[in-house]
Amino acid sequence: MTMNFFAPFCIPFMVGAVVMAVALVVKYARWIYELPRADKKLMLHGIFTRRSLEAIWEVFRESLLHRRIFKVNPLLGYMHMSLAFGWFLLILTGWIEVVAYLGFTYVPLQGHVFFKYFATGLEEHKPVFNFLMDFFLLMVLSGVFLAWCKRLYSKAMGMRRTTRHVLGDRIALSALWFVFPLRLAAESLTCAIYGGGGFLTGSIGSWLSAHVGGAVLEALYEPSWWLYSISLGVFFVALPFSRYMHIFTEIPLIFLRRYGLHPREKESSFDNFEIQACSRCGICIDPCQLQSVLGINDVQSVYFLRDRRYKMLTLSVANDCLMCGRCETKCPVGINLNSLRQNSRDTMRNIPDESRYGYLASVDRSEGEGRVGYFAGCMTLLTPRTLSAMERIFEAAGEDVWWADRNGGVCCGRPLKLSGETDSAKKMMRYNKELFYKHNITTLVTSCPICLRVFKEEYALRGIEVLHHSEYILRLMRQGRLKVKADGGKFTYHDPCELGRGSGIYDEPRAVIEAVGELLEAEHSRENSFCCGASLANTVINDAQQLKIARSMAAEFAQTGADTVVTSCPLCKKTVTRGTTMPVKDLSEVVAEHLA
Amino acid sequence: MERVIVIGGGIAGMKTALDLNRRGIGVTIIEKENRLGGKVLGWHRLFPTFTPANEVVDTLKAEVASSEIDVRLGTCATALTEHSVTLSDGTVLDCDAVVLCSGFTLFDARIKEEYGYGIYDNVITSADLEEMFNQGRVGLKNGGRPRRIAFLHCVGSRDEKVCQRHCSKVCCVTGVKQAIEMKKLFPEADVFNFYMDIRMFGPGYEELYREAQQSYNIHFIRGRISEASPTIEGRLQIKAEDTLTGRPLKISVDMLVLLIGMRSNDDNASLAESAGLQLAQSGFMAPRDLFLSNVRSNRDGIFYAGTVTAPKSIGEVLNEGAAVADAVTEYLS
Amino acid sequence: MRRATWSEYQKDIADDKYYYARSCIRQNFFPGSERAFLNILSKDLGKDILDDPAHSSCTGIGYHSDIVPLETIMTVVARQFSLMNEAGYENFVTSCITSFGIYTEVLATWEEFPETEEKTRENLYKATGREFTKPKSLAHTSDIIFHFRDLIADKAVRRLVNRATGEPLKVVEHIGCHYAKIFPKSGIGGSEFPYVLAGMVDSWGGECVDYPERRHCCGFGFRNYLVQANRGYSIANSHKKLESMAPYHPDFIVANCPGCTMFLDKWQYTIAEMDGRTYGENGHGIPVLTYEEMAGLVLGYDPWELGMQMHQVDVEPLLDKMGVDYDPSAKYLGRNGKYIGKPEAAVVNGCSQDFIYDIKV
Amino acid sequence: MAAIEWGFSINRPRVIDVDRNNLRKSDEILLEMPELQSCIGCGACTASCTAGNLTNFNFRKVHTLVRRGEYQGAYEEMNKCMLCGKCRLLCPRGINTRGVVMLIKRKLGDF
């Protein structure tokens, strides 16, 4: 049997499909071409390894099933899964159906997509396909329905806020909303006139033919296919230029990530994959305290990525972020939101200045001779109780200490790096690194998580083990060098962003607290803990706003029934103190008070 | 019936008289002007709430008018004892106690001639500015709108050179208040306040100061103006040190407002001599002590209320009016 | 300008019988001025004034440069008084503002700290065998001219007006710092609005200019000038004043301090040579006069007789404006008709820098 | 120029001449961050300053000068700042001092 696979209404769809294909190929080719040499190498080394297989499995899990969204929000996960996986299955089953009817012959793309239209002359029907196609269509439609609901009542979907979109997105979104209802309409009308169809299209078709006049059906028949084709075409044209780019981009991203690519200190081509893999689902909005506490709603990661993608990023958006990492842990695509924001800031602010910080050259105000170095950090100098507590702990453990900055030192460089002045920050890092080597330390303890993070991530200290004081204290206790006595005190613990989400240190401080008293967890703790609001990463919000965040986050501590809030960051300590009437102590203070 | 003579018909005098009268004591107010109200009459709005000054004065005046208080206008006391007051026309009034509420004198800005008050057209005092507000005609002498206005704090206060060591207390917040009022009238103008210290002692004052800085963008420069000179465009060039940067600073302004201080009345000395009262170093009357007897003089039967003893804000003056009535009642019983 | 308060700052000025103390700077740089002062007093006004050859410098410059100690200068001052006593005079007038400041300061010190006066008497006696009594009145010579300003106006042959337009001449009056800034009560009109020169200008038909830097020091500043490396500070002060007065187009500057007259005059030359900047009309400097010269011109003295050829900034434009008859060819002839030499062409007198320094563009 | 070796030159005045200074940048800075105007000059920022401990960098003085229109050298001075944030913790007026540093650098630098 020969079939004609062309009708004029196919044109919008065909044009759309071609535009989309060309745009995608051009984009991906350019991004890959522009990848830094090192990234290209990683890619080549990774392609023919099992990482590619792992990537395929991840693509299935994440791009089709959206497992991570399920984890965050099952209803939202179902919506994405039904749309993505349902549509995928429709396409896949459609192809099989064509093969089943026509055997292995060449059928043009529009032939597959509009098979129902072209296949009205078929003599036999295969009910199993009718059923499956209708079933998957229903599945997609249920997703569309949920998407509509999400737009209208985001709270019903478990989201307080949903993303506000740009014009391109709205066009694509509207087209997408209509694709499947129009498909349902077109196929049902076809069934009404020609018969066939499954439980959905077939039933609607029979009902239509019974209740609607033949002339009306005839009149609606062609236009319905036209509309379906147009909505598909519009969607495809808009896709590469809208957020729907994520549908395809997440796939190469998963592969590249498996090969070890990641955003760098400076902006690079790889960032394109991450930025355009953002579906603007808006999951990052709710965790953001700037949104929930301060009502700032144009700076969250989704908007940041959008602005950066469309090259309309402003300093005030790039800088207005606590970089607490709460959104990053929730991102279903696993985009490195902080790294991207960081390298945007670098692009906007980094000015290499050779003469800068020339005054550091001859500075060395350190004292002591020990192999264990203690770096208080700038902020700890403003929380002298932490400093004296550390002194007592070192003494109790009999540790010989080299005090790097007790008499005033040089900043670790992270605050400057956070502000985007990357190259200048390196000078401070180089200075401190040389200072550490000069004094031959083997262990570097710091009580400031901000310093800790940069020591670990940037300093590359050979032969020097970097520890946060919580890790160090726990080690001393486990080695039996530090004896503490528990006294039944009730503590709650605030996870500093840079220590918890930033450096993955959650258990050590808790273990230390449990050794001296009872630990009562706040509602939001560990990965979910709130930021205190004074993060050095944010240079936009004012003092009143910082205080508001501090008060809102500290409210939870009182509800735990604890007597004391413990934290292990001098900045958090200062800030939480402003937000609560409860006593706030650094971990080291609590330990020093409980020395046996 | 006992009779108390209250010397001075400003807010302190009126408040004192009213509170005594309410206790059934006969009161005579002696006021040198031809109307009651004192210095507050010349004021437009009061810090820090921008309350119209006449709300305070008119209320007190109406209460006095509807009471049995004997008011003698246009005459002043030249001598007093605890039992009598001699008036300028030679009349001697007998009484059972005297409350001295004769207030203060505004510092004459012409003495600080380097600021050019009375010499250059647009150098005015804070009192002149209130007068302008009252008349609703604020602006330059030629009717123009000022583009840059400077306020100078501590004119005639904390200044050994004019023998006024004391702080006049209310000028700082007046300067802030007037700066805001000027900024409201002339939003396009830049306003600079030159100060030595900013002393925001009362409730809401510090908040007002901060509002002036943050919401009204009023520039505060820590440094005393040394001199004002005319420029060829008819503006005033003023010089000061920006002490916070350690650099001299000069700036041309269209208007210079001198925040004049409170000094003691010239006749305090003669009154004090006639009654054997003690004067403070500042020339103000010295109360018996600054704590439990701060409205009593060193002589029984003679009392003080208001700014006759030291610069005070309006609220403080009114409190003293109430306090002195209490002290007088106690004395008479 | 409304000088509201000057009348509150008055001082007693003797009417006759003056003992005259010369000024180091004035007699060196403006020698005609001191002669003119003596002539005006004795000849025009018929007053008794003694120019005693025995008196000396007050050593004020040395004192302000930390070279002459306080005790020494007090003794020098005491000697001058002693000479005055010896000559039978009681009214001390001094030609120099620095000296005026010194005498005022020394008298005030003796008043406040009588032991210093005793010590001075002892020192003077030990050194010279002299004793002294303090003068009855102390005045600066500009105070004397101010005192007789109306008499001079009566005798005037011309006024401070532009002959061509009939407009009053615009005058910048500059008062030496030590005239009244140390002791405001010692100057006529006080320190903020001194009236000593303004009074002369008012009486003689001119108009004073009140410009922003009116009060500023000329920049002499003793050590600032005496040490070459510091002269940048000195000239910066004159520069500031000149920049500030230039927009008012003054016809001339008059000062009562010899140092100020000298510096406002000579620094104009230097600024013109350094920067090519001049402040007067037609690319010339602004003529700077002593008040004796101003009085002399009003009284009809010959400008070369007054020594006005000694100025760095040429005064001829001013003389022309005032309609003064003078012989241009006699400018550089001394008292006996002898040629006294002529200064090089200077930028401040309208000569281009390119010409003077032969600059190849 | 002059062929005479004077041994001195006319010293530049140290005065802050507000009339001559161009206040546009200063106004822009205050418009973006009005809270800077509420500085009371207490010096807590400078006292705690990590960079100020090692150099003559004086944050309070530099931003005060900038507000008066004295921009000369302000960018270079602000470049001495390490942005460590101690000052922000101490400012009694709650001024976002780190934001001020970045703002002044942005307005007075070329970016």
Side-chain angles (χ1 to χ4, degrees), chain B residues 147-150 172 176 179-180 183 187-200 205-223 225-227 229-233 235-254, chain D residues 11-47 52 56-74 77-78 91-97 99-100 103-104:
Chain B
R147 284 174 295 132
R148 208 182 260 164
I149 303 158
C172 279
V176 170
I180 291 176
K183 192 76 181 180
E188 73 280 9
D190 286 321
V191 180
F192 291 81
N193 279 42
F194 290 85
Y195 67 96
M196 305 204 291
D197 287 302
I198 291 282
R199 300 182 163 183
M200 292 293 152
Y205 297 7
E206 180 70 15
E207 288 82 348
L208 191 73
Y209 172 34
R210 199 188 179 114
E211 196 185 341
Q213 293 176 312
Q214 210 163 324
S215 308
Y216 290 95
N217 194 25
I218 290 160
H219 304 263
F220 283 81
I221 299 181
R222 188 179 178 280
I225 296 174
S226 65
E227 63 190 77
S229 321
T231 70
I232 196 154
E233 303 96 19
R235 304 179 93 193
L236 291 153
Q237 181 191 282
I238 53 184
K239 289 183 178 178
E241 187 196 352
D242 183 0
T243 58
L244 294 178
T245 61
R247 300 251 310 261
L249 179 143
K250 73 176 183 193
I251 182 171
S252 297
V253 298
D254 299 302
Chain D
N11 285 39
R12 280 172 49 88
R14 278 184 74 240
V15 70
I16 300 171
D17 188 340
V18 182
D19 298 341
R20 204 168 285 184
N21 289 352
N22 183 343
L23 295 174
R24 192 174 58 86
K25 294 269 184 191
S26 155
D27 289 343
E28 284 174 11
I29 287 166
L30 288 175
L31 195 71
E32 266 192 51
M33 211 171 261
E35 66 195 64
L36 177 57
Q37 193 72 295
S38 70
C39 171
I40 46 174
C42 71
C45 48
T46 307
N56 58 1
F57 171 56
N58 183 327
F59 172 66
R60 175 191 60 72
K61 197 164 161 177
V62 176
H63 80 65
T64 309
L65 283 169
V66 166
R67 283 188 284 144
R68 311 272 185 260
E70 292 282 326
Y71 312 126
Q72 185 78 42
E77 278 299 306
M78 285 302 187
C91 179
R93 290 285 200 169
I95 297 170
N96 177 358
T97 50
V100 169
L103 177 62
I104 288 178

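Just so it is clear: chains get the letters A, B, ... in the order the sequence lines come, proteins before strands, and each one is counted from 1. The figures that follow rest on heavy atoms only: side chains count, while hydrogens, waters and symmetry mates do not.
At a threshold of 4.5 Å between non-hydrogen side-chain atoms, the residues Q214(B) and L30(D) do not count as touching. A heavy-atom distance below 4.5 Å is found between the side chains of L249(B) and R68(D). At least one side-chain heavy atom of H219(B) sits under 4.5 Å from a side-chain heavy atom of Q37(D).
Heavy-atom pairs under 4.5 Å with chain B were tallied for R93(D), M33(D), E35(D); the largest tally goes to R93(D).
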- Message: Evaluate R148(B) against D19(D) for salt bridge (Lys or Arg N to Asp or Glu O under 4.0 Å), listing each step before the verdict.
- Response: CA-CA 11 Å; R148(B) 208 182 260 164; D19(D) 298 341; 2.7 Å; yes
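Once rounded to the nearest 0.5 Å, the distance linking CG of L244(B) with OG1 of T64(D) reads 6.0 Å. Separation of atoms CG (D197(B)) and CD1 (I40(D)) is listed at 11.5 Å; rounding is to 0.5 Å. Interatomic distance, CZ of R247(B) versus NZ of K61(D), reported as 8.5 Å (0.5 Å rounding). From L65(D), atom CG reaches atom CG of D242(B) across 7.0 Å, with rounding to the nearest 0.5 Å. Summarising the geometry, atom OG belonging to S38(D) is positioned 12.5 Å from atom CD belonging to E211(B); distances are rounded to the nearest 0.5 Å. With rounding to the nearest 0.5 angstrom, the CD1 atom of I16(D) is 14.0 Å from the NZ atom of K239(B).
Crowding of Q72(D) atom CD: a count of heavy atoms from other residues, nucleotides or ligands under 6.0 Å not exceeding 12.
Using a 4.5 Å cut-off between heavy atoms, I218(B) touches chain D through its backbone atoms (N, CA, C, O) alone. Only the side chain of L23(D) comes within contact range of chain B, with at least one heavy atom under 4.5 Å from a heavy atom of that chain. Proximity to chain D (any heavy atom under 4.5 Å) is shown, for N217(B), by both the backbone and the side chain.
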